[in-house]
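First comes the structure, then the notes that go with it.
Source: prediction; values computed, not measured.
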Amino acid sequence: QVHLVESGGGLVHTGGSLRLSCAASGFSFSSHTMGWFRQAPGKDREFVGGIMWHNGRTYYVDSVQGRFTISRDNGKNTVLLQMNSLKPEDTAVYFCAADRQPYRLELARLSTDFGSWGQGTQVTVSS
């Protein structure tokens with residue numbers, strides 16, 4: 001049974017930093033691209049970024065490029081989201097997700113590309 005558990009959310013002032021962690025179990029973690037999404041109140045879930053399964057290549061939505069960094073530790077089945085220079089518009093519930101297709105070579109960005117999701121962790125950035 002796939003489990004994804006996020007942690008590390010909280011309240012931070014504008015310009016601050018947070019690091020989110022996602023612990024994965026129940027599947028072959030090293031074979032799956034992992035992604036981070038977020039959902040603000042009243043808005044659709046938004047892709048934030050992803051990290052490829054085989055080469056660690058990362059890719060991000062333009063709004064977080066240069067501020068957020070995704071990394072993974074395949075030995076610990078963990079994916080991290082380091083968020084710097086946070087803005088009020090980054091306020092959302094953040095979810096990690098596992099690509100539904102192992103060994104995918106294309107960049108997964110759509111919600112439908114991901115088949116397993118964590119419960120989410122709240123990030124609030126005050127102005």
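Judged by the 6.0 Å and 45° rule, Arg67 forms no cation-pi pair with Tyr60. A cation-pi contact, defined as under 6.0 Å to the ring centre and within 45° of the axis, is absent between Arg100 and Phe114.
To the nearest 0.5 Å, atoms CZ (Phe95) and OG (Ser111) are separated by 10.0 Å. Note that NE2 of His3 and OG of Ser25 are 6.0 Å apart. Values are rounded to the nearest 0.5 Å. For the atom pair CZ of Arg57 and OG1 of Thr33, the computed distance is 10.5 Å after rounding to the nearest 0.5 Å. To the nearest 0.5 Å, the span separating CZ on Arg38 from CD on Glu46 amounts to 4.5 Å. With values rounded to the nearest 0.5 angstrom, Cys96 atom SG is found 4.0 Å from Glu6 atom CD. The CD atom of Gln39 sits 7.0 Å away from atom CG of Asp44, with the distance rounded to the nearest 0.5 Å.
Side-chain heavy atoms closer than 4.5 Å link hydrophobic residues (I, L, V, M, F, W, Y) into clusters, and following such links, possibly through other members, connects Trp36 to Val2. Both Met52 and Phe47 belong to a single network of hydrophobic side chains, linked directly or stepwise wherever heavy atoms of I, L, V, M, F, W or Y lie under 4.5 Å apart. Each of Val61 and Trp117 belongs to its own hydrophobic cluster when Ile, Leu, Val, Met, Phe, Trp and Tyr are linked at side-chain heavy-atom distances under 4.5 angstrom. Neither Ile51 nor Leu107 shares a network with the other; the hydrophobic side chains, linked directly or stepwise wherever heavy atoms of I, L, V, M, F, W or Y lie under 4.5 Å apart, form separate groups for each. Transitive grouping of hydrophobic side chains (ILVMFWY, heavy atoms separated by less than 4.5 Å) keeps Phe37 and Ile70 in distinct clusters.
At least one side-chain heavy atom of Leu4 sits under 4.5 Å from a side-chain heavy atom of Met34. You'll find the side chain of Thr14 reaches within 4.5 Å of the side chain of Pro88, heavy atoms only. By the 4.5 Å heavy-atom criterion applied to side chains, Phe68 and Gln82 are not counted as neighbours.
Counting only distance, with no hydrogens or angles, the side chain of Trp53 and the backbone of Arg104 share a donor-acceptor pair below 3.5 Å. Side-chain atoms of Asp90 do not come within 3.5 Å of backbone N or O of Leu86 as any donor-acceptor pair. When atom types are taken as modelled, the side chain of His32 and the backbone of Asp99 share a donor-acceptor pair closer than 3.5 angstrom. Listed for the Ser85 side chain is no donor-acceptor partner under 3.5 Å among the backbone atoms of Gly15.
Between the side chains of Asp73 and Thr78, no donor-acceptor pair of N or O atoms lies under 3.5 Å. Side-chain atoms of Tyr94 and Thr121 form no donor-acceptor pair, as typed in the model, at a separation below 3.5 Å. A side-chain N or O of Gln122 and one of Thr124 form a donor-acceptor pair less than 3.5 Å apart.
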Audit row: Arg109, Tyr59, side-chain contact (heavy atoms from CB on, under 4.5 Å) steps and yes/no: CA-CA 9 Å; Arg109 300 177 184 270; Tyr59 49 105; 3.8 Å; yes

Step-by-step side-chain contact (heavy atoms from CB on, under 4.5 Å) determination, Arg72 to Leu80: CA-CA 6 Å; Arg72 67 189 296 161; Leu80 302 177; over 6 Å; no

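The shortest non-hydrogen separation linking Ser126 to His13 is OG-ND1, 2.9 Å. Shown here for Ala40 and Ala92, the closest heavy-atom pair between the two residues is N-CB, 3.8 Å.
Under the side chain to side chain contact (heavy atoms under 4.5 Å, CB included) rule, Val123 has a single partner from Val93, Thr91, Leu11, Leu20, which is Leu20.
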